[in-house]
Each structure stands twice: as structure tokens, then as C-alpha cells.
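Structure first, commentary second.
The chains referred to below are lettered A, B, ... by the order of the sequence lines, with proteins before strands, and numbering in each begins at 1.
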Number of protein chains: 2
Amino acid sequence: MIELHEKTYVCPVDVTLSMIGGKWKILILSHLHQFGRRGFSEIRDNLPKVSEKMLMQQLNELRRNDLIDKKIVLLKPYRVEYFLTESGKSLKPLYSFMSTWGIDYLKQHNIDYLKDQQLYK
Amino acid sequence: MIELHEKTYVCPVDVTLSMIGGKWKILILSHLHQFGRRGFSEIRDNLPKVSEKMLMQQLNELRRNDLIDKKIVLLKPYRVEYFLTESGKSLKPLYSFMSTWGIDYLKQHNIDYLKDQQLYK
DNA sequence: TTTCAGGCTTACTTTTTGGTAAGTTATTGA
DNA sequence: TCAATAACTTACCAAAAAGTAAGCCTGAAA
């Protein structure tokens, strides 16, 4: 077993999973990977199945794990931008691979992804 | 949105996640990736945090998604082997990447993974 | 002949997760 | 002045996930 931050992990994969496991995390990361800096509501509107509460929660956890960060771009009115940190960027191969794999899977099930490719707002 | 099997997905990554999301799935897959064909109790003993019930559940879901399969190697006494299907093998880059990333993360936190590398039984 | 291992299944309970919906502060646009 | 938007926060509740523990069948080992 691997000991880290008072928890135990079975293997390195388990360590990685502890950062990006949990609903929505990978989706949020790969969204930021695709679209760069985004405000809260931009992310929300493009992940229409996530509630605001959930999204906030996941964003905060990702920040705690240093995979994303936010900058306050305007104080009044309060406006922010979320973006990938260096650590978050180091996971890019993962986002790319999972996207490609998903597209292949869709192809094999005769769904043409390109025709649907868009943002969801 | 992408429609598939009566569900909707936000993007291809979401499609991929629907197959391998959920606790333990990636861990099980990457275990089979590393060690090849394994009996039920071999997997169980090497993922000591998973209960038998959970493990069975996840194995069945992975089989339904055609990422793993099992062969009955002996009827009496009943012995089986679980292993990656072609589809499961096509995710190998993911297992490798997540393992490497985890090892790097540990290195950055001054934990030498090699000294712990072993099976957990 | 009792015990143990392998490969499960089931019932029951607890914990965790997640949804709904409302509220907050501030600003811009109608 | 009223409504809407951005970025959150909070409370409350339902549903889903997961843990515990026991049990089943078969055969081999002690």
C-alpha cells in the first residue's frame, strides 16, 4: 500500500484516481482543456446535467488538488475565470485519449459525432 | 448532446466515462492489464479495500460493457478467470498513463513508489 | 469430519451523494 | 423600477452507493 496525506492507496492508478475520480471532475477538466479560461456560468451552461451546487463542489475540490485555479477578473461586479494549472495541464493526454476513445466508440455504434459537435448553449 | 442507449451524453469524454466511471472500475481494469487472467479471489486480495459484493457488482458491469470477460476454467470445483476483452485492451494507454502520472505525483511528494511495489497479499 | 478456499448471492443498514430550491450581493439593461 | 445575470451559499430531503455480515455449494487439505 502507498501512504499519502493520511490515506492509503493500492497503486499509483489509485493515487491518480483520488484526484480526478468523482462525478464531473474529468468532464470539467476536459472542458477547460478544450475551451481555456471559463467563467462559472459558462462551465455550468455547457455541462447542463450538473447542478450549481455540484459544480461548485467539484470546482473547489479540483482547486484543492491544484488541478485548476481561478482568477478574479473583476471585483464589481464579481467575475471569475477558471483554468487548468500546470498540474491540470499535465493530464492533457488523458482528456485527449478519453475523447478519442469516446468518438471511436460512437463510430462503432454508428453515431456520427461530428454532426452533434457544439457547445450546449 | 449525444444520444446513445437511451441516455444522453455531453461529449465523447462523457461516453467514455459512462463505461469506466464508478468506483473501482479503472482499478480493476488496470489490475487485469498488469496481471492478465485472474480469478475472483486474486483480484479481491489485491484490491483489499473492495468488498466482495462491490467487486462482483463492478465486474458484472464491466462485463456488460464488454470491457472484460470471464471464462470458466473448471466446473468442479468452480473456478473462473477474468480478463480484458479487445475493447478493454483498447484502453491500455489510459491505464499506463494513469499509472505513470500517479508515480510522478508520488515522486513530487517525495514518496519512492518502487520500495512499495508489490502485490498486496 | 471439521475447516478452509473459491466464487458467488442476499438482506439489511449506514453513509454518501446529489437534487431542488431558495437566498445573497452586485450590476447592467429594459 | 423591475428583471435578469454572474457567482456563490445554504438547508432540506431523497436516492444511490457502499459496508457488514451471513449463507450457499463444491472440493481439497488437515
Side-chain angles (χ1 to χ4, degrees), chain A residues 1 7-10 14 17-28 31-32 35-65 68-83 119-121, chain B residues 6-10 14 17-28 31-32 35-65 68-83 119-121:
Chain A
M1 299 291 237
K7 298 209 171 167
T8 55
Y9 301 93
V10 197
D14 201 8
L17 278 174
S18 72
M19 308 274 135
I20 58 172
K23 232 172 164 175
W24 311 117
K25 290 226 176 68
I26 295 183
L27 238 37
I28 293 168
H31 177 82
L32 290 176
F35 300 105
R37 302 179 158 252
R38 306 290 267 169
F40 179 79
S41 51
E42 290 179 298
I43 305 174
R44 180 196 60 201
D45 294 341
N46 284 286
L47 298 176
K49 295 188 288 178
V50 196
S51 69
E52 292 198 334
K53 177 189 143 191
M54 255 296 97
L55 185 56
M56 263 322 298
Q57 227 170 265
Q58 302 295 313
L59 287 170
N60 288 332
E61 288 174 27
L62 286 169
R63 289 211 309 140
R64 254 178 264 130
N65 290 331
I68 67 173
D69 200 2
K70 79 171 173 189
K71 279 253 147 54
I72 295 162
V73 261
L74 238 178
L75 261 173
K76 301 195 165 204
Y78 186 67
R79 287 305 118 88
V80 302
E81 269 177 357
Y82 290 89
F83 53 90
L119 286 177
Y120 301 107
K121 197 191 180 177
Chain B
E6 340 231 299
K7 299 208 170 164
T8 55
Y9 302 93
V10 196
D14 200 8
L17 278 173
S18 72
M19 307 274 133
I20 58 172
K23 232 174 164 174
W24 313 117
K25 290 226 177 66
I26 294 182
L27 237 38
I28 293 168
H31 178 82
L32 291 176
F35 300 106
R37 305 183 154 249
R38 304 292 265 170
F40 178 80
S41 51
E42 290 180 296
I43 304 174
R44 180 195 61 203
D45 294 342
N46 284 285
L47 298 176
K49 295 189 287 179
V50 196
S51 69
E52 293 197 334
K53 175 191 143 189
M54 255 296 100
L55 184 56
M56 263 320 300
Q57 228 170 265
Q58 301 296 313
L59 286 170
N60 288 331
E61 287 174 28
L62 286 168
R63 290 215 304 145
R64 253 178 266 130
N65 289 332
I68 66 171
D69 200 1
K70 80 171 174 187
K71 278 256 147 54
I72 296 162
V73 262
L74 238 178
L75 261 171
K76 302 196 165 205
Y78 186 68
R79 290 302 118 90
V80 302
E81 269 177 359
Y82 289 89
F83 53 90
L119 284 177
Y120 301 106
K121 198 191 179 175

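The distance from atom CD1 of B:Ile72 to atom C1' of C:dG6 is 13 Å, rounded to the nearest whole Å. Here D:dA18 presents its C1' atom at 12 Å from CD of B:Glu61, a figure rounded to the nearest Å. Straight-line distance from the CG atom of A:Leu47 to the P atom of C:dG18: 14 Å, rounded to whole Å. Distance CE (B:Met54) to C1' (C:dT16): 12 Å, rounded to an integer number of Å. We find that CG of A:Leu75 is positioned 13 Å from P of C:dT28, with the value rounded to whole Å. Computed from coordinates, the A:Lys49 NZ to C:dT17 C1' distance equals 16 Å when rounded to whole Å.
When the side-chain contact (heavy atoms from CB on, under 4.5 Å) test is applied to A:Ser51, the partners found at least two apart in sequence or on another chain are A:Lys53, A:Met54.
Between B:Ser41 and C:dA5, a side-chain N or O to OP1/OP2 separation shorter than 4.0 Å is absent. Between B:Arg44 and C:dG6, a side-chain N or O to OP1/OP2 separation shorter than 4.0 Å is present. Put simply, A:Ser51 has a side-chain N or O that comes within less than 4.0 Å of OP1 or OP2 on C:dG19.
Here the shortest heavy-atom pairing between B:Asn65 and B:Ser18 reads ND2-O, 4.2 Å.
Position along DNA chain C of the nearest nucleotide to A:Gln58 versus A:Arg79 favours A:Gln58 as the more 5'-ward residue.
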Show me the protein contacts with nucleotides 8-15 of chain D, counting only N or O atoms at under 3.5 Å.
residue	atom	partner	partner atom	Å
D:dC8	OP1	A:Lys70	NZ	2.7
D:dC8	OP1	A:Tyr78	OH	3.0
D:dC8	OP2	A:Tyr82	OH	2.9
D:dC8	N4	A:Glu52	OE1	2.4

